[in-house]
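Below: one structure, written as structure tokens.
Atom set for the values below is all heavy atoms of this structure, side chains included, hydrogens, waters and symmetry mates excluded. Note on naming: letters A, B, ... go to the chains in the order of the sequence lines (proteins, then strands), and numbering restarts at 1 for each one.
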Amino acid sequence: MSRDSKSGEWEGNDALKTWVSDRLLALQGFSTPEFVEYAIGLAKQATSAADVVGKLEEYGFALSDDLHLFAEEIFSKVPWKVSPRKQKTYDNEDGTGNGLGKAMLEDQIEFIKESMLKVDDEMSIESPEISKAKSELETLHEDRRTLPIYAHRDSLLKAIEEHQVLVIVGETGSGKTTQIPQYLHEAGYTKRGKVACTQPRRVAAMSVAARVSQEMDVKLGHEVGYSIRFEDCTSEKTVLKYMTDGKLLRELLGEPDLASYSVIMVDEAHERAVSTDVLFGLLKDIARFRKDIKILISSATPDASKFSDFFDCAPIYRIPGRRYPVEIQYTKAPVADYLDAAIVTVLQVHLTQSPGDILVFLTGQEEIESAEEILKHKINGFVSEIPELVICKIFSNLPTELQAKIFQPIPIGSRKVVLATNIAEASLTIDGINYVIDPGLCKMESYNPRTGMESLQVTSISKASAAQRAGRSGRTGPGKCFRLYTADSYKTKLDDNTPPGIQRTNLTSVVLSLKSLGIQNLLNFDFMDPPSNESLLKALELLFALGALNKVGEVTKVGRQMAEFPLDPMLSKMIVASDKYRCSDEVISIAAMLSVGNSIFYHPKDEQVHADHARMSFHTGNVGDHIALMNVYNSWRETNYSTQWCYENYVQVRSMRSARDIRDQLEGLLERVEIELTGCPNDLQAIKKAITSGFFSHSARLQNYGSYRTVKHPRIVHIHPSSGLADNFPRWVVYQEVVLTTKEYMRNVTELKPEWLVEIAPHYYQMKDVEDA
DNA sequence: GAGCACTGC
């Protein structure tokens with residue numbers, strides 16, 4: 001079966017395609033269907049052969065006589081010059097994309113009215129004494145019936161029965177996540193197969209499963225279970241399975257038609273996580289040949305037409321939520337200093353507004369810490385007595401024990417202010433918030449496929465995000481949201497939605513997964529919002545260089561081995577290569593440490609000297625950052641994974657535990673791909689060669705004045721000051737990544753011998769690349 | 001001589 005939904009498009013042009021493919025093979029050594037289509041597409045849109053050359057050069061092809069010739073030939077061979085991009089059109093007479101019957105709509109509207117009234121009643125009905133008297137289970141069942149979704153049970157089931165794909169819009173508090181899978185179970189869907197409900201986050205999958213197992217009065221892991229990385233709490237009995245969407249993607253690699261499932265419910269679809277978006281495309285395809293499977297797309301955004309359009313006009317079913325009104329205030333004029341404005345607003349709310357806690361959205365750790373200091377200082381400066389203000393902070397890198405503080409009760413008569421990053425927008429919910437202060441900014445990652453460079457920059461949030469932030473104040477009562485920008489800039493400067501993750505990330509790993517699933521032409525893959533062609537082609541190019549794809553774009557044996565590892569392909573390649581150098585034991589530790597990210601070392605502001613000293617102790621002998629990370633892991637392991645050791649060495653214990661989990665998983669996977677676990681503790685060269693096998697495309701050589709030039713696509717870069725080699729200036733290095741902050745910095749650097757590049761990647765480097773100029 | 005939001009397999 002072919003997954004190329006539009007593969008018929010070029011039929012009849014096979015001769016042209018073959019010709020283009022051959023020429024591309026000659027030009028760049030490999031040629032996948034994507035590159036063929038890309039080149040033909042360029043020629044179609046180009047106005048001249050020179051135009052084709054320009055575009056190809058812009059992509060990264062080296063200028064040469066061959067390239068010019070190719071451009072001229074393809075320009076003359078492509079027979080037609082067209083064509084406005086094909087637009088998807090749908091018959092959509094009423095313009096709502098809603099195929100539900102009128103009666104059903106009315107039924108919904110009626111219920112929305114009812115449930116709005118109910119919200120007020122509910123709060124006052126039950127006294128604590130009464131609820132105590134009831135059995136816990138009875139209360140649970142009663143709770144189920146008071147959820148907004150309850151009255152929709154039958155019409156919802158009917159809609160699911162009648163349509164293969166249904167988009168469900170359920171506001172927060174509607175009960176969709178816990179109830180719909182139970183309704184499906186009660187209606188008999190689980191007799192045909194499991195019901196999966198995917199979540200973007202691990203904790204959500206776990207906690208929802210726990211809740212549902214209580215409601216159904218079964219043991220967690222029996223009929224109701226969850227499955228997340230490192231933890232599969234399911235059994236043969238399991239019929240309702242909550243899981244992370246990434247986990248379902250992994251399962252898809254082993255079971256491409258999801259035969260053991262009868263319903264897939266993709267929850268929190270509006271978040272548009274990379275794995276959710278990939279799932280959309282795959283599920284749409286599965287639904288085509290598995291008419292018995294039901295797909296539910298559940299989103300909390302009112303505008304679900306995009307989901308509906310994508311799934312061929314799937315009907316939209318709306319379930320009301322339970323929310324309180326939120327009053328939104330804008331500033332009259334733009335603020336000069338939003339941090340200052342946020343602090344002033346906190347104090348104003350504290351002094352003038354009725355009780356209720358405050359949530360402030362800031363961009364990062366440093367900002368939060370300085371806001372905390374300023375706020376403390378200002379409060380101490382008040383001459384007269386004011387009610388106590390308890391300052392709490394939360395961001396993901398904050399040690400767990402300090403994170404817990406935001407949930408602790410505070411003295412009566414005092415008020416809590418929580419200074420938070422985006423973590424409080426969706427990932428965690430704090431009760432008792434009545435006021436939100438929103439400067440309208442966040443840090444967002446962007447990825448430039450041309451340079452392969454990531455950068456993290458402060459940018460304006462979207463309208464959707466602003467709404468989500470405001471909503472955080474109206475969960476337990478009416479709320480207020482103070483936006484530190486003008487109503488006009490809200491209207492004109494904020495985008496409607498945050499660009500989906502898939503358009504902001506390095507796609508190498510996604511591309512390898514999709515290729516492993518047998519998708520032949522990724523430019524035709526049905527993405528809801530396609531990533532740029534360039535970003536897909538760069539990913540293919542890298543996978544070819546790594547040996548994961550052959551020269552016509554098919555997955556190789558190495559590629560299949562790599563795809564088994566839940567890692568960035570360069571890390572997977574490093575592991576696969578470690579077999580040859582007999583050092584897989586060391587290399588999986590390094591891969592685990594690298595894949596944890598940059599939160600291994602702990603750098604408190606006031607103990608920098610000690611922290612730096614501790615960090616450098618792992619770099620003895622200028623071994624490079626990769627080996628240093630291995631030293632950290634091994635030292636920790638030698639202390640029997642001691643927490644105390646972590647504190648003494650300024651190492652974050654949470655990150656180390658996560659590295660251990662990943663390492664254990666990788667060790668298990670070695671066997672699956674038939675790589676022996678072998679160690680060579682004293683042969684650093686072997687380890688470095690394995691690293692080079694994964695990261696050869698990230699090589700750089702020393703220039704004057706301590707700067708470096710990357711070898712393949714020349715750019716000037718620098719060693720990040722946190723690197724152990726920052727003062728060492730080795731002549732040749734490989735690096736894990738380049739990040740753009742104040743300069744272009746290479747992170748995680750290791751020295752190498754230039755001849756290794758030619759030895760390890762002869763298809764990528766020639767002697768002339770590494771000889772002295 | 002810097003400073004990094006949030007997820008996930």
Side-chain angles (χ1 to χ4, degrees), chain A residues 198-205 227-232 243-254 268 271-279 361-370 394-398 420-428 441-446 454-459 461 465 498 500-502 504-505 509-510 512-513 516 562-569 571-572 591-592 595-605 608 611-612 615 658 661-662 665-666 669 706 718-723 725-729 737 739-747:
Chain A
T198 71
Q199 297 292 321
R201 278 173 294 280
R202 296 161 53 89
V203 269
S227 181
I228 57 181
R229 189 181 187 183
F230 310 129
E231 228 182 309
D232 185 1
M243 61 209 298
T244 44
D245 37 26
K247 185 75 195 208
L248 183 62
L249 272 183
R250 278 278 140 192
E251 280 192 11
L252 254 160
L253 288 172
E268 313 289 349
E271 289 193 20
R272 304 295 308 278
V274 175
S275 44
T276 327
D277 268 26
V278 175
L279 270 182
F361 283 99
L362 297 172
T363 62
Q365 173 174 354
E366 210 176 308
E367 194 172 280
I368 287 173
E369 279 169 352
S370 70
I394 181 106
F395 42 86
S396 78
N397 256 352
L398 190 72
T421 59
N422 248 8
I423 194 172
E425 198 176 292
S427 308
L428 65 88
L441 299 166
C442 73
K443 272 186 185 153
M444 194 153 58
E445 189 180 314
S446 60
E454 291 162 355
S455 59
L456 198 60
Q457 277 159 340
V458 175
T459 41
I461 60 170
S465 189
T498 311
I502 203 148
R504 293 185 285 121
T505 7
S509 178
V510 168
L512 180 57
S513 302
S516 303
M562 284 166 59
E564 288 286 333
F565 295 98
L567 297 170
D568 182 289
L571 292 172
S572 315
S595 95
V596 164
N598 61 341
S599 57
I600 303 279
F601 295 103
Y602 178 54
H603 272 247
K605 252 185 192 166
Q608 260 179 26
D612 277 346
R615 185 168 50 80
S658 145
D661 285 340
I662 297 171
Q665 190 189 26
L666 298 179
L669 289 168
H718 307 265
I719 296 184
H720 196 282
S722 70
S723 165
L725 297 177
D727 300 321
N728 199 259
F729 303 116
E737 59 181 354
V739 290
L740 174 67
T741 51
T742 51
K743 278 181 185 171
E744 299 182 1
Y745 283 113
M746 300 181 278
R747 288 189 56 242

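A straight line from CG of A/L567 to C1' of B/dT7 spans 16 Å, rounded to a whole angstrom. Put simply, CG on A/D727 is 12 Å from C1' on B/dA2, counting in whole angstrom units. Between the CD1 atom of A/I662 and the P atom of B/dT7 there is a distance of 14 Å, given to the nearest Å. If you measure from atom CZ of A/R201 to atom P of B/dC9, you get 12 Å, rounded to the nearest angstrom. For the pair A/D568 CG and B/dT7 C1', the interatomic distance rounds to 16 Å; values are reported in whole Å. Atom-to-atom, CG of A/D277 to P of B/dG8 comes out at 17 Å; the value is rounded to the nearest Å. The CD atom of A/Q365 sits 18 Å away from the P atom of B/dA2 (whole-angstrom rounding).
Side chain of A/S427 to backbone of A/A424: no donor-acceptor contact under 3.5 angstrom is found. When atom types are taken as modelled, the side chain of A/R202 and the backbone of A/R229 share a donor-acceptor pair closer than 3.5 angstrom.
Between A/S509 and B/dC9 there is no side-chain N or O to OP1 or OP2 distance below 4.0 Å. Residue A/S513 has no polar side-chain atom (N or O) positioned under 4.0 Å from OP1 or OP2 of B/dC9. At least one side-chain nitrogen or oxygen of A/R202 sits closer than 4.0 Å to the OP1 or OP2 atom of B/dC9. Within the 4.0 Å cut-off from OP1 or OP2 of B/dA5, not a single side-chain nitrogen or oxygen of A/S396 is found.
With distances taken from any side-chain atom of A/Y745 to the nucleotides B/dG1, B/dA5, B/dG8, the minimum falls on B/dG1. Residue A/P566 places its side chain closer to B/dC9 than to any other of B/dC6, B/dA2, B/dC9. Minimum atom distance to the side chain of A/I423 is reached by B/dT7, of the listed B/dC9, B/dT7, B/dA5. Counting only heavy atoms from C-beta on, A/I228 has its side chain closest to B/dC9 among B/dC9, B/dG3, B/dA2. Proximity note for A/S427 (side chain, C-beta onward) versus B/dG3, B/dT7, B/dG1: the nearest is B/dT7. When each of B/dC9, B/dC6, B/dA5 is scored by its nearest atom to the side-chain atoms of A/K247, the top-ranked nucleotide is B/dC9. Considering only side-chain atoms of A/T741, the nucleotide from B/dA5, B/dG8, B/dG3 that sits closest is B/dG3.
In terms of the ring pair (Phe, Tyr, Trp, His ring centres under 6.0 Å) criterion, A/F601 has no residue partners (sequence neighbours excluded). Every residue meeting the side chain to side chain donor-acceptor pair (under 3.5 Å) condition with A/S465, not counting sequence neighbours, appears here in chain and number order: A/E425.
At a threshold of 4.0 Å, the pair A/K443-A/E367 does not count as salt-bridged, since none of the basic side-chain nitrogens sits closer than that to a carboxylate oxygen.
Heavy atoms of A/D612 sit under 4.0 angstrom from at least one base atom. No engagement by A/R272 is indicated, since no non-hydrogen atom pair under 4.0 Å with the nucleic acid exists. Nucleic acid contact class of A/L456 (heavy atoms, under 4.0 Å, all strands): base. Within 4.0 Å (heavy atoms only), A/E445 reaches at least one base atom of the nucleic acid.
Separation of atoms CD (A/Q457) and OG1 (A/T741) is listed at 10.0 Å; rounding is to 0.5 Å.
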